[in-house]
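In listed order, ligands and their atoms are each counted from 1.
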Amino acid sequence: MTSALEQLRVHLATIRDLHDTVSLLAWDQRTYMPLGGANTRAEQMATVSRIAHELFTSGTTGHLLESINVADLPPDSDDARLIEVVGYDFEKASKLPAEFVARQSRLRGLANPAWQHARAESDFALFQPHLEAIMDLAREHAQLLGYTDHPYDALLNDYERGLTKDQVAALFEELKEGTLPLVRRIAAQGQTGRDACMHGDFPEDQQEAFGKLVASHFGYDWSRGRQDRTAHPFCINFGRNDVRITTRFNPQWLAPALFGTLHETGHALYEQGVKPELSRTPLERGASLGIHESQSRMWENLVGRSRPFWQFFYPKLQQHFPERLGQVDLDTFYRAINTVQPSFIRVEADEITYNLHILLRFELEVALIEGSLAVKDLPEAWNAKMQEYLGITPPDDAHGVLQDIHWSGGMLGYFPTYTLGNVLSVQFFNHAVAQHPQIVDEMARGEFGTLLGWLRDNIHQHGRKFLPNELVKRVTGRPMDAAPYVQYLQAKFGELY
Ligand code: ZN
């Protein structure tokens, strides 16, 4: 007779296999699938997702959860935490009627192509009715999930458990105060062309070779991963032993693929580092989107845009692109990769102005959910905030309100996790360096073993075992704190400008 816990593990492993199968179908859809396969693939993914959802919300899960006495388990054990997380997921999933889930999936399925069309035509009116429906649905979603203070809290919680609108607002106040004067001072200098050396001929095969070289030095395990090409880069995994990254190359601009690869490798190192004991459970993944983004941002920015890193790698980069970079010195290159310039597109923004793009989206989302802003007035509100925070006005909606995929997928409350990731990347990194000062010297020698080891021990191995804010406290001894991040930005860019 197997125990209820054992039965639950088997049940969850089956569900996990189904979810991983959907991910594999998605990976193929976004890399190698011929266009003609699109409709059939959507059906296949919907079928497997539905079976997984039905299995999870079935009486079996609830019955097994009830038969396990968590009080009998050590509170920090993997089993106790597994029961807690599964109980939370189960309760949440059970709040959403099947009819709502189906309606949501259908609406999103229609909104995405409408958004793509609207963006291509740069015509918000084509997307407006879909976004209105998405907003109604988001409000309904918040009601179903439930909240104490504000409907936006329910939506945030879907991505970052425990986070509230007021916490995000307070975080942004601190960031605004700490960085807006710097952004304005830099903009007033009116410098242009600092990143000229990043543009020109950069053969794709050389870009790919260099990206792989850095990922290998970071510690990415190629026997449990691979890299492919895609239109919109992402990292995806089917368990800890198959964690894949994707990249898009621009043969005339070095930055996107270079930093994109470092970023996705950061996500991948996290997933590859989850301990084997958590395999095929819901804990075998990152703690939250914010914690995940702290990892990708750390490798991309704290490591990949730092001077010590390039002391080692710049001569190697020059060897890959002798014609374009042979005559460009390290200092010029370092200034180029850290250019600050208010721009229209979030994904191309520098380290400082990036958060202003997120702030704008956060404020608009809250207003839309509250109903104080109507969808039809959104483009105007967007442009007004761009002018207020970045001092520029988008030339059209494609470079403004239509640029991101998130809203067409119903992802409301997602954006703040990007800034959370930025803030946490510095809090974690500073803590690691305080405990192991040799990390910086190692970076200048192309070695990352101490940093990766620290991340593995403190963050990666635990997967989703701890709540995000609990993990931050366990690792750094205090809750999330924006001050180190603001100090980092002020020190780094104060020196550069
Ligand atoms: Zn990311």
Side-chain angles (χ1 to χ4, degrees), residues 23 26-27 30-31 156 158-161 163 168 171 211 214-215 218-220 225-238 240 243-250 255-274 285-306 337 345-359 361-362 403-409 411-429 451-452 455 459-460 463-464 468 471-472 480 485:
S23 296
W27 171 83
R30 294 157 75 179
T31 50
L156 267 178
D158 226 15
Y159 303 107
E160 201 70 28
R161 196 174 153 192
L163 189 68
V168 175
L171 171 65
V214 178
F218 280 179
Y220 180 65
R226 54 179 287 132
Q227 182 185 31
D228 295 271
R229 298 184 182 211
T230 185
H232 302 281
F234 60 95
C235 169
I236 199 165
N237 69 291
F238 329 113
R240 62 185 295 281
V243 185
R244 306 184 186 189
I245 55 174
T246 58
T247 312
R248 167 181 54 188
F249 296 96
N250 180 340
L258 172 57
F259 294 107
T261 300
L262 306 194
H263 182 98
E264 300 307 335
T265 301
H267 282 302
L269 289 171
Y270 191 179
E271 296 288 345
Q272 285 189 335
V274 175
R285 50 183 265 214
S288 71
L289 288 182
I291 303 284
H292 232 300
E293 200 66 7
S294 78
Q295 300 305 293
S296 54
R297 293 290 177 181
M298 186 184 301
W299 292 99
E300 177 192 356
N301 293 331
L302 280 296
V303 176
R305 286 183 213 263
S306 75
I337 60 170
I345 305 293
R346 171 183 62 86
V347 296
E348 293 169 6
D350 57 79
E351 279 186 76
I352 309 187
T353 60
Y354 188 91
N355 300 300
L356 298 173
H357 289 265
I358 302 299
L359 168 63
R361 285 157 177 77
F362 164 67
Q403 66 184 269
D404 294 309
I405 192 173
H406 301 64
W407 291 340
S408 74
M411 292 185 267
L412 275 291
Y414 188 114
F415 284 118
T417 66
Y418 290 126
T419 287
L420 234 59
N422 287 336
V423 167
L424 290 172
S425 71
V426 175
Q427 190 170 340
F428 286 143
F429 187 76
L451 177 59
L452 182 61
L455 294 170
I459 299 170
H460 298 178
R464 201 184 157 212
L471 183 67
V472 173
M480 180 177 69
Y485 178 58

Query raised in the report: Under 2.8 Å from the Zn ion (ligand 1), which protein atoms of type N, O or S occur, listed by chain and number?
Result: His263 NE2, His267 NE2, Glu293 OE1
Query raised in the report: Any idea how Tyr414 and Tyr418 line up, ring-wise: parallel (<30°), tilted (30 to 60°), or perpendicular (>60°)?
Result: tilted
Requested in this report: List in chain and number order the residues that pass side chain to side chain contact (heavy atoms under 4.5 Å, CB included) with His460, two or more places apart in sequence or in another chain; answer none if no residue qualifies.
Outcome: Leu269, Tyr270, Gln295, Leu452, Leu455, Arg456
Query - Between Asn422 and Ser425: side-chain donor-acceptor atoms closer than 3.5 Å - result: no
Report task. Indicate whether any N or O donor in one side chain lies under 3.5 Å from an N or O acceptor in the other, for Thr246 and Glu264. Result -> no
Query raised in the report: Are the side chain of Gln403 and the backbone of Arg346 linked by a donor-acceptor contact shorter than 3.5 Å?
Result: yes
Query - Near-ring test Phe362/Phe415, centroid separation under 6.0 angstrom - result: no
